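First the structure, in the form of structure tokens, and then the observations on it.
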Amino acid sequence: MVNTQIADLFEEIASLLELHGESNPFRVRAYRRAALTLKNLTESVSDIAERGELDDIPGIGKDLAGKIREYLKSGRITLREDLKRNTPDFMLRMLEIPGMGPKTARTIHERFKPGGYPELKKLARSGALRELPGIREKTERHILEGIEITERKHSRVSIGEALPLARSLVAGLSRLDAVDRADAAGSLRRMRETIGDVDILVASSSPQAVMDAFVKMDGVWKVLAHGHARSSVVMREGMQVDLRVVEKECYGAALLYFTGSKDHSIRLRGLAKKKGYKINEYGLFEIRSGKRIASAEKDIYEALGLAYIPPELREDRGEIEAAARKRLPRLVELKDLKGDLHAHTDWTDGVDSIRAMAEAAQKMGLEYLAVTDHSRSLHIAGGLSSERLSEHSAAVRELNKTMPGIRLLAGAEVDVLEDGSLDYPSDLLEKLDFVVASIHSGFRQGKARLTERLVRAMRSGRVDLIGHPTGRLFGERNAYELDFDLVFKTAAETRTALEINGCPERLDLDDLRIREAVRAGVTLAVSSDAHSKSHFNNLEYGVGTARRGWCEKDDILNCLPLKELLKKNRP
DNA sequence: GCCGTTTTCGGCCCGACTGTTTTCAGTCG
């Protein structure tokens, strides 16, 4: 996507400017901010450029608009080419080392011009770097450790990995006598689909004791920083965890600050300043008197004239304006889900029986579960033949007689074949209670044909829900391109729901597309796509993503009680 | 480089930790 390409170039320009000693930090920030804005855009900048509306984008002025146009026209940005020509590749890569910023990278490069990590390591080991100003033995050691961390650390991990780790750390910390309260903050609390660092906040009146225990916790590999208010460690799996300890009185303000996002915080602080206040992690203060006005999250928002903004919305994507007008959505919650409409069993590629899955769903407090095993063409997953599907439905219905408290729906996840037809005959689908249709093959067909497949499936009149609509798989496969205007329009017209697949490797649709879909009047469904009992946890990730997409309860099909679901589905 | 109920100049969020420093610079979130 062209937006991402330009965003990456803007980020690169920002780093290059710093390396070249750019004296105006705000110029650098302007590029970084613009990069983030572009990544958050759902519309392609080339469309916006065609309408001549580039400088309507916040943070994009005359100059940056010009650079975007230059890229769209020529595929290059002259400033970036010029800077790049005068910057060795490794100088830029040195910035990836934690603790290594532009000033240090530049100093080292000017004197030694190392061409890669091996050379830099040799310099640090030999003690050669310490002849530079500001660098002594400890800095050398930190550079060596930083390189080691860079080599070990994988980039962002899915929330499915990060959340359980964070919860076990929070539980461990909560057991300490010195700890009054502990929470995961940062991008985890905002339920971002991927997590860079895990941020944990603790309230305690004996911070040093908490910190000392933290850096010695199980699984800690390296200690990056160990202070009395803040510490950072790297876990054996390579994930960085930052811990911040504050007094109980500041907990809300610290939670606000530590949850971010950075851009949301910056906006809040700007607002505060205009009102004569100052926000830091200890509270909201009146500048004139130095008095603390508020410290709970809610109270701080209120003092700024804003409604309370749930963490999932704190991305500076219009939530501050909406909060000022008291027009924030009432976000869907996990407890609003009445059922799950997409799950697999040991009839195909799931590991648990229909009964075991039903019991697990019931334990989650669900009223209904659609059992949607794979269709015949998906051989790799042991897709059911037409005959087997009939037996499957019969087994599901038989079980309903013996299991009070949960209603099982006989369903299928039917493949949308390469020509857009469905993988079971129409009369067979007609007999099912619930039909999920998904694309599992032919991902490379291109935007027009993939869109046409989904449109045809929706127009078949046999499909209730489109499963994982963009096919993305975290770390494996990017979302395929679709004509979303057409997909959303068709979904709304045919009253076909689109899935928010809660599997953490999918989270498909993603937050931005969900928001677009809601605006287009599309109904969504949060599904677990569970392949085992434990996967019903996925619903939590799905709801988190739905909330990031500004979904209310009424936008979600499986928030309907069973009766209404059946009525709506088969009128 | 952007932006404007402090509007075309002069601002731009704020604090912790570390190391190399005697009062601060660099980096990070």
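Keep in mind that the numbers below use all heavy atoms, side chains included, and drop hydrogens, waters and symmetry copies. Here is how names work: the chains are called A, B, and so on, in the same order as the sequence lines, proteins then strands, and each is numbered from 1. Since the model is a prediction, treat every value here as computed from it, not as a measurement.
Rounded to a whole Å, the CG atom of A/Asp56 is 16 Å from the C1' atom of B/dG4. Note: CD (A/Glu140) to C1' (B/dT20) measures 13 Å, nearest angstrom. If you take CG of A/Leu144 and C1' of B/dG19, they are 16 Å apart, rounded to a whole angstrom. For the pair A/Ile57 CD1 and B/dG1 C1', the computed distance is 15 Å after rounding to whole Å. Atoms NZ (A/Lys138) and C1' (B/dT27) sit 16 Å apart, rounded to a whole Å. Distance, A/Leu95 CG to B/dG29 P: 13 Å, rounded to whole Å. What separates CG of A/Leu271 from C1' of B/dG4 is a distance of 14 Å, to the nearest Å. Between the P atom of B/dC2 and the CG atom of A/Leu36 lies a distance of 16 Å, rounded to the nearest Å.
In this structure, the side chain of A/Arg136 engages the main chain of A/Leu132 through a donor-acceptor pair within 3.5 Å.
Contact of A/Tyr257 with B/dG29 (side chain to base): a donor-acceptor pair of N or O atoms is detected under 3.5 Å.
Rounded to the nearest Å, the gap between the P atom of B/dT18 and that of B/dC12 is 28 Å. The separation of B/dT27 from B/dT21, taken at their P atoms, amounts to 15 Å, rounded to a whole angstrom. For the C1' atoms, the distance linking B/dG26 with B/dT20 amounts to 11 Å, nearest Å. Taking atom P on both nucleotides, B/dT6 is separated from B/dC2 by 22 Å, rounded to a whole Å. Separation of the P atoms belonging to B/dC13 and B/dC3 is 14 Å when rounded to the nearest angstrom. Nucleotides B/dT8 and B/dC14 place their C1' atoms 28 Å apart, quoted to the nearest Å. B/dT23 and B/dC17: their P atoms are spaced 22 Å apart (whole Å). For the P atoms, the distance from B/dA16 to B/dG10 is 31 Å, rounded to whole Å.
Contacts between residues 288-325 of chain A and DNA chain B, counted as heavy-atom distances below 4.0 Å, involve no residue at all. Within residues 242-256 of chain A, the residues that place at least one heavy atom under 4.0 Å from DNA chain B are, in residue-number order, A/Asp242, A/Arg244. Residues from residues 203-226 of chain A that place a heavy atom under 4.0 Å from any atom of DNA chain B, listed by number: A/Ala225, A/His226.
Residue A/Lys262 is the one, among A/Arg141 and A/Lys262, whose nearest nucleotide of DNA chain B lies closer to the 5' end (criterion: closest heavy atom). Remark on DNA chain B: of its neighbouring residues A/Pro102 and A/Glu137, the 5'-side contact belongs to A/Glu137, judged by nearest-heavy-atom nucleotide.
Under the 4.0 Å criterion applied to side-chain N and carboxylate O atoms, A/Glu11 and A/Arg32 are not assigned as salt-bridge partners. A salt bridge links A/Glu140 with A/Arg130; the closest basic N to acidic carboxylate O contact falls under 4.0 Å. The pair A/Arg548-A/Asp510 does not count as a salt bridge, with every side-chain nitrogen at least 4.0 angstrom from each carboxylate oxygen.
The side chain of A/His228 approaches B/dC17 more closely than any other nucleotide in the set B/dC17, B/dG29, B/dC2.
Residue A/Pro133 is classed as having no contact, given no heavy-atom separation below 4.0 Å to the nucleic acid. A/Leu268 comes within contact range of no nucleotide atom at all, as no heavy-atom separation falls under 4.0 Å.
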With a 3.5 Å cut-off and sequence neighbours excluded, list the donor-acceptor pairs that the side chains of residues 164-178 of chain A form with protein atoms.
unit_1	atom_1	unit_2	atom_2	d
A/Arg167	NH1	A/Glu540	OE1	3.3
A/Arg167	NH2	A/Glu540	OE2	2.6
A/Ser168	OG	A/Leu165	O	3.1
A/Ser174	OG	A/Val170	O	2.7

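For A/Asp529 and A/Asn501, the side-chain atoms include at least one donor-acceptor pair closer than 3.5 Å. Donor-acceptor pairing under 3.5 Å is lacking for the side chains of A/Asn478 and A/Arg472.
Qualifying side-chain hydrogen bond (donor to acceptor under 3.5 Å, both in side chains) partners for A/Glu247, counting only residues two or more places apart in sequence or in other chains: none. Every side-chain hydrogen bond (donor to acceptor under 3.5 Å, both in side chains) that A/His468 has, sequence neighbours left out, goes to A/Glu413, A/His440. For A/Thr87, the side-chain hydrogen bond (donor to acceptor under 3.5 Å, both in side chains) partners two or more places apart in sequence, or in a different chain, are A/His20. Residues satisfying the side-chain hydrogen bond (donor to acceptor under 3.5 Å, both in side chains) criterion with A/Glu321, sequence neighbours excluded, are A/Arg267. Looking at residues two or more places apart in sequence or on another chain, you find a side chain to side chain contact (heavy atoms under 4.5 Å, CB included) between A/Ser46 and A/Val2, A/Ser44, A/Leu72.
Neither OP1 nor OP2 of B/dC28 sits under 4.0 Å from any side-chain N or O of A/Ser232. Between A/Arg27 and B/dG1 there is a side-chain polar atom (N or O) within less than 4.0 angstrom of OP1 or OP2. Taking side-chain N and O atoms only, A/Gln240 has no distance below 4.0 Å to OP1 or OP2 of B/dC28. For the OP1/OP2 pair of B/dC28 and a distance below 4.0 Å, the side-chain nitrogens and oxygens of A/Arg230 include no atom meeting the criterion. Put simply, A/His142 has no side-chain N or O that comes within less than 4.0 Å of OP1 or OP2 on B/dT18. Contact between the side-chain N/O atoms of A/Thr139 and the OP1/OP2 oxygens of B/dT20 is found at a separation under 4.0 Å.
Contacts classified as side chain to side chain donor-acceptor pair (under 3.5 Å) and involving residues 220-236 of chain A (residues at least two apart or in different chains) are given here: A/Asp212-A/His226, A/Ser232-A/Asp242.
Judged by a 6.0 Å distance limit and a 45° cone about the ring axis, A/Arg76 is not positioned over the six-membered ring of A/Tyr71.
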For nucleotides 22-25 of chain B, print each protein N/O atom paired with a nucleotide N/O atom at under 3.5 Å, atom names and distance only.
none

N/O-N/O pairs, protein side and nucleotides 9-12 of chain B side, under 3.5 Å:
unit_1	atom_1	unit_2	atom_2	d
B/dC12	OP1	A/Lys273	NZ	2.2

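Nucleotide B/dG29 is matched to B/dC14 when pairs are restricted to Watson-Crick or G-U wobble geometry with both distances under 3.5 angstrom.
Enclosure of atom CG in A/Asn24 by more than 12 non-hydrogen atoms of other residues, nucleotides or ligands within 6.0 angstrom is indicated.
When all heavy atoms of A/Tyr541 and A/Gly502 are compared, the pair lying nearest together is CB-O, 3.5 Å.
Residues A/Ile279 and A/Tyr257 have side chains not in contact (no heavy-atom distance under 4.5 Å, counting atoms from C-beta outward).
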Stepwise side chain to side chain donor-acceptor pair (under 3.5 Å) check, A/Thr259 with A/Arg189: CA-CA 7 Å; A/Thr259 298; A/Arg189 184 161 178 248; 2.8 Å; yes
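Among A/Leu79, A/Leu92, A/Asp82, A/Asn86, the single residue meeting the side-chain contact (heavy atoms from CB on, under 4.5 Å) criterion with A/Leu16 is A/Leu92.
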